Amino acid sequence: MEPDVLGPPYERHTIDLGTDDEGPVVATLVRRRAEHPTGRAVLYVHGFVDYFFQTHVADYFVARGWDFYALDLRKYGRSLLPHQTANFCLDLGDYFPELDAAAKIIRADDTHDVVLGMGHSTGGLIISLWAHARRDDGLVDGLFLNSPFFDLNLPWVLRRPGAAAVARLAHRAAKRVVAPGLGTVYGESLHADHRGEWAYDLTWKPLAGFPIRAGWLAAIRRGQQQLRTGLNIPVPMLVAASARSFKGLKWREAAATADAVLDVEHMVRWAPRLGRHVTLVRVDGGLHDLTLSAPAVRDTVLTEVGRWADGFLHTDTVGNGHSVAVAAPPTPRHPADAESTAPQA
């Protein structure tokens, strides 16, 4: 481990992933250790046009004895190299090697017994597909998905026939730009230079995002199709979404209390396809990244996650002082059985 850009007590480890068609590839695992560790750890995966800077989330878990790890995926944030196309991939499975490597470091090298996977937006989709693919390996004991990217936030004709056309284009021109970015409304709601409170690096997380390319969109479409077909993730999962979405390309005050990136009803609709044990929480006033919402709202989110983890990641203390997760019994896979409501902030 070496010092991280966040400064002490954060440190980072560069994961060498070999080369691809653009050259050398790396991922970056950021670590913050708890003062009084319990053998429990969080593995956090960011969203699209994103990287880990949410230190208050780490603060919450570290205060409770969880070591906190955050993975900047290849071509994102700390892992973005000068020769690379930012935030680009051809298949979401391309990210599995760095997730595997991170899990090995957390489980084997740092000897954690309980691991909570946490994914935001695109990271929520990626970590779900990975947890499904590695379901027999015991790499995570639970998942928390923060506004996961389960469907495209577009009218049906663009979500289905339109996305299929882009997928065909991706075979011929994978890096063809199909949209210039995400718009600035969400970025404005976050960054301290505009209407938000967060001073993150605009080089790694530009206000309007990076260009959306055909190959990336095709990869997202395939991952979402796999989810809609149905996954079989065997651990308890908590899916959290804002109570409402914001539609519009220009700033209005409603954007300060809603998801301005995705359609939250898509998250509600597809969450039960993750597996047999899904809890759904709707958070009033939540932004797309629920943990970056107004203080009272993000406190509600973190409290809900902590309460859920205490309830569903049951732990028994073993001789070395560490804790071992004990799976809670599965629940029926039906939307009515998958939903709970968070306290309203």
Side-chain angles (χ1 to χ4, degrees), residues 29-34 36-47 52 54-71 73 95 98-121 123-135 137-148 231 233-241 271 274-281 289-291 298 300-318 322-328 330 340 342:
L29 186 65
V30 179
R31 180 177 70 184
R32 180 179 172 189
R33 291 190 179 275
H36 302 289
T38 59
R40 297 178 291 176
V42 172
L43 173 57
Y44 173 92
V45 183
H46 57 77
F52 172 66
Q54 296 86 343
T55 56
H56 60 291
V57 179
D59 291 343
Y60 177 86
F61 283 97
V62 165
R64 288 154 180 78
W66 296 70
D67 287 345
F68 191 92
Y69 297 77
L71 183 64
L73 300 168
Y95 299 119
E98 52 254 56
L99 283 162
D100 290 341
K104 178 183 180 298
I105 291 170
I106 296 169
R107 288 273 189 193
D109 298 352
D110 290 354
T111 64
H112 291 90
D113 304 303
V114 177
V115 178
L116 170 63
M118 179 183 297
H120 167 55
S121 196
L125 177 62
I126 292 167
I127 202 169
S128 297
L129 296 173
W130 172 73
H132 168 76
R134 304 290 188 263
R135 60 190 176 274
D137 298 335
L139 300 183
V140 292
D141 300 290
L143 291 181
F144 167 52
L145 307 180
N146 168 8
S147 302
L231 304 182
I233 302 172
V235 300
M237 290 165 279
L238 175 65
V239 177
L274 291 163
R276 297 185 62 199
H277 194 156
V278 181
T279 302
L280 175 64
V281 174
D289 185 339
L290 295 166
T291 70
R298 63 180 182 256
T300 292
V301 173
L302 291 173
T303 299
E304 190 73 15
V305 176
R307 181 161 43 203
W308 173 87
D310 289 343
F312 290 112
L313 300 186
H314 301 298
T315 58
D316 288 339
T317 300
V318 295
H322 285 188
S323 51
V324 178
V326 180
S340 69

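Note that the structure is predicted; figures quoted are calculated from it, not measured.
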From the list T291, D289, L290, side chain to side chain contact (heavy atoms under 4.5 Å, CB included) with S147 holds only for L290

Exactly one candidate in L29, V30, V115, V45 meets side chain to side chain contact (heavy atoms under 4.5 Å, CB included) with Y69; the answer is L29

Where [X] and [Y] come nearest, the two heavy atoms and their spacing:
X: G142; Y: V235; answer: CA-CG2, 3.7 Å
X: V278; Y: G275; answer: CG2-O, 3.8 Å
X: V305; Y: F61; answer: CG1-CZ, 3.9 Å
X: G47; Y: S121; answer: CA-CB, 4.2 Å
X: T38; Y: G65; answer: OG1-O, 2.9 Å
X: L145; Y: G124; answer: CD2-O, 3.7 Å

So, do [X] and [Y] sit near enough that their side-chain heavy atoms are less than 4.5 Å apart?
X: D67; Y: I106; result: no
X: V301; Y: F144; result: yes
X: R31; Y: D110; result: yes
X: M118; Y: N146; result: no
X: R298; Y: V57; result: no
X: Y95; Y: E98; result: yes
X: I233; Y: R135; result: no

In Å, rounded to the nearest 0.5 Å, how long is the span from [atom1] of [X] to [atom2] of [Y]?
X: D100; Y: K104; atom1: CG; atom2: NZ; result: 11.5 Å
X: L231; Y: M237; atom1: CG; atom2: CE; result: 8.0 Å
X: W130; Y: L143; atom1: CH2; atom2: CG; result: 8.5 Å
X: I127; Y: H46; atom1: CD1; atom2: NE2; result: 11.0 Å
X: F312; Y: L116; atom1: CZ; atom2: CG; result: 13.0 Å

Side-chain donor or acceptor of H132 paired with backbone N/O of L274 under 3.5 Å:
no

ask   = Distance-only, no hydrogens or angles: does the R40 side chain make a donor-acceptor pair with backbone N or O of R64 under 3.5 Å?
value = yes

query: When you look at I126 and L99, which way does the side chain to side chain contact (heavy atoms under 4.5 Å, CB included) test go after all the steps?
result: CA-CA 10 Å; I126 292 167; L99 283 162; 3.9 Å; yes

Checking salt bridge (Lys or Arg N to Asp or Glu O under 4.0 Å) for the pair R107/D141: CA distance, chi angles, key distance, verdict?
-> CA-CA 11 Å; R107 288 273 189 193; D141 300 290; 2.8 Å; yes

Side chain to side chain contact (heavy atoms under 4.5 Å, CB included), that's the test. Do L139 and L43 meet it? Break it down for me. CA-CA 10 Å; L139 300 183; L43 173 57; over 6 Å; no

**Prompt:** Are F68 and F52 close enough that their ring centres sit under 6.0 Å apart?
**Reply:** yes

